[in-house]
Amino acid sequence: MSEFYHESANDLPVYGSCDILVVGGGAAGHSAAIAAARANPQAKVVIMERYGYFGGDVTGGYVLMVPALNWRTYPIIRGIQEEWFDRLDKNAPGSVLSPTIAQAGKDTPILVERWSRVFSCTRKQGDKMVLSRSPNFDPTQLRIEMDLMVQELPNIEILFDCWGTKPIVENNVIKGVIFESKAGRKAIFAKIVIDCTGDGDIYSQAGAPFHGKGGIIAENQRDNQTALVWRAGNVDCEGYELWKKANPEAAAAFTQELKNVAGYFTLFFPGGNMNTVWFNNWINGMNCTDLDDIRKTQLMVRNSIRRILDYCKETLPMFFKDAFLMDIAPQLGTRCSRRLDGEIFLTKKTLMENPQFDDVIAWSSTGYCDAPIEIPYGACLAKKVENLLAAGRHISADQMAIGAVQLIPQCCQTGQATGVAAAVAVKDGSTAHTVDIKKVQYILSHEQNVPLPRQDNTDKAMVEEIEAINYGRDGDRPPWMRD
Ligand SMILES: Cc1cc2nc3c(=O)[nH]c(=O)nc-3n(C[C@H](O)[C@H](O)[C@H](O)COP(=O)(O)OP(=O)(O)OC[C@H]3O[C@@H](n4cnc5c(N)ncnc54)[C@H](O)[C@@H]3O)c2cc1C
């Protein structure tokens, strides 16, 4: 059998055209579409998503905790990311579990004790524990809210269950995308395309340099791990957390054996309330763009679920006696695969030196650095192809730096910023490369509730604190970042 099949040229129906096409509706794509539509209500925005809902890893992969929306007492990550929880608090009370914005960074003992039982809601700052604004949430409620956020904007058109398969590129300028759906294969044209597929599905075929399988540097990434999250209901999480604190050795032995029972590394955390847990897992060496690895992950995890639940019930009946398998995430969990080699390439050195970028579009506290880091627009901008942007977990970063910029907040932030950049470019008739970045920064910081450095509304007290610690450059780093 021949290695290749020659597909003959044919005419494709044109679905339509738009100003801004966002491919992928996860945290990044959803934010990109909304930010673009708000920044330029005259622009026609299309968001194309391969499944029938928004959220990607978040609502479909059941990644149920958004970490560190504050730096010290400052609510540094806001914008569309904080809007999720603001809206959920109002529209679906009880679906979010987190210290409030006002409590974040404080060390009030009674609150620290209360929140130490909830995943990531306290953290070490110097020698004390403080509260962290790290919402744990219900994914189905968020799925509904994300739908509503898009439907409120008449200039966004949704293409659900459509898979972007091939970029249309002419003379190094992207012109649109070919996509597949139940309605057949079609083409859609756009002035600017934002690749938010998480795996560079569009930029990797458009002629833009990238890393990962088939790219410049193909080796495995630090975060090259797949997952299939599942949830158990009727678990006494509060009781378990108290027991864990009082019995650290027994708890460590329990989690070690959990790994043996599963056959891979797994841990559970409360999932939006204190009766439900999500079983996170890290299946090492699996690539989410490899069909064998995709199959292996899903079968391996599903085959292990009953075994794991039985083990929990037998070992910790006081917390798991009435527990039941609630559901299994509808989609594979994907941490990292291809990464863009964009106009600015973030490296471990970048994070250590924590530079100030003229084109900063996000200011981020991830816990990886001792001060907020700046994410530049250039890390979302494809080289060699015009009008092609990337946002989310596949932006331009090396194996180390990607760990600091692929969490949910950073995906929302780069999504929101690229959406605004695309909106400005379309309005001004500029391109993704020539867009007026000052205008983009102004809209983000003054109209879209995104704190940025060096704006006239930047929090001066916060800047003073950052300067006092030399932008965190002298601080300690997690072990994996030191060598
Ligand atoms: C198990 C697990 C645990 C994690 N834990 C945490 C955590 O605790 N906190 C945290 O902040 N982060 C965590 N992360 C990382 C974080 O969840 C992701 O990096 C982030 O959600 C990625 O968002 P995204 O929008 O860039 O990509 P995705 O969420 O992958 O979204 C991409 C979207 O594009 C769609 N799509 C893909 N290809 C195409 C295509 N060709 N055409 C059309 N649509 C397409 C997908 O269906 C999806 O909706 C975890 C990740 C995993 C997998």
Side-chain angles (χ1 to χ4, degrees), residues 57 61-65 67 113 115-124 129 132 134 136 220-272 274-286 293 296-329 332-336 367-368 403 407 476-483:
D57 261 345
Y62 287 4
V63 176
L64 303 187
M65 189 278 294
E113 157 57 21
W115 285 108
S116 65
R117 295 170 212 165
V118 183
F119 181 32
S120 210
C121 286
T122 53
R123 66 194 299 187
K124 214 159 182 278
M129 292 304 287
S132 177
S134 299
N136 290 247
N220 274 351
Q221 283 101 45
R222 185 185 72 84
D223 280 356
N224 197 350
Q225 298 158 332
T226 50
L228 185 67
V229 173
W230 56 280
R231 296 193 295 173
N234 238 355
V235 179
D236 176 5
C237 303
E238 193 105 21
Y240 172 73
E241 290 300 327
L242 289 171
W243 173 82
K244 197 167 80 173
K245 252 196 218 166
N247 302 279
E249 279 172 22
F254 167 75
T255 36
Q256 176 57 40
E257 186 53 19
L258 183 66
K259 183 178 156 192
N260 295 336
V261 170
Y264 52 81
F265 186 51
T266 179
L267 289 173
F268 59 81
F269 308 99
M274 292 308 268
N275 299 316
T276 307
V277 290
W278 59 291
F279 278 79
N280 194 350
N281 42 68
W282 291 259
I283 317 294
N284 280 321
M286 296 283 183
D293 290 353
K296 277 187 213 155
T297 303
Q298 310 210 56
L299 293 180
M300 188 194 301
V301 175
R302 283 200 291 269
N303 288 344
S304 68
I305 291 177
R306 291 177 180 158
R307 216 165 52 226
I308 294 173
L309 203 50
D310 286 348
Y311 165 71
C312 293
K313 283 173 174 242
E314 279 159 23
T315 320
L316 299 175
M318 56 289 206
F319 315 122
F320 277 89
K321 181 170 50 80
D322 299 318
F324 65 96
L325 169 60
M326 195 168 148
D327 52 13
I328 304 173
L332 184 79
T334 49
R335 290 184 169 88
C336 182
Y368 290 98
L407 295 174
D476 207 5
R477 295 285 184 280
W480 58 266
M481 276 193 59
R482 284 189 206 129
D483 41 47

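All figures in this text were calculated on a predicted structure; none of them were measured in a lab.
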In terms of the angle between their ring planes, are Trp243 and Phe254 parallel, tilted or perpendicular, with boundaries placed at 30° and 60°?
perpendicular

So how far is it from Arg335 CZ to Trp282 CH2, rounded to the nearest 0.5 Å?
6.0 Å

Gap separating the CD atom of Gln298 from the CG atom of Asn303, nearest 0.5 angstrom
11.5 Å

Between [X] (side chain) and [Y] (backbone), is there a donor-acceptor pair under 3.5 Å?
X: Asn136; Y: Ser134; answer: yes
X: Arg307; Y: Ala262; answer: yes
X: Asn281; Y: Leu228; answer: yes
X: Asp57; Y: Thr334; answer: yes
X: Arg231; Y: Thr276; answer: no
X: Asn247; Y: Ala250; answer: no

Among Tyr240, Tyr62, Trp278, exactly one meets ring pair (Phe, Tyr, Trp, His ring centres under 6.0 Å) together with Phe269. Which residue is that?
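Testing each of Tyr240, Tyr62, Trp278 against Phe269, the sole residue satisfying ring pair (Phe, Tyr, Trp, His ring centres under 6.0 Å) is Trp278.
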
If a pair satisfies side-chain hydrogen bond (donor to acceptor under 3.5 Å, both in side chains) and one of its residues is in residues 308-324, list it, with sequence neighbours excluded.
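Sorted pair list comes back empty.
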
side-chain hydrogen bond (donor to acceptor under 3.5 Å, both in side chains) pairs touching residues 249-266, sequence neighbours excluded, are Glu257-Asn260, Tyr264-Ser304

Distance-only side-chain donor-acceptor flag, Lys296 / Thr226, under 3.5 Å:
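Result is no, nothing qualifies.
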
Would you indicate whether the side-chain heavy atoms of Arg117 and Lys244 approach each other to under 4.5 Å?
no

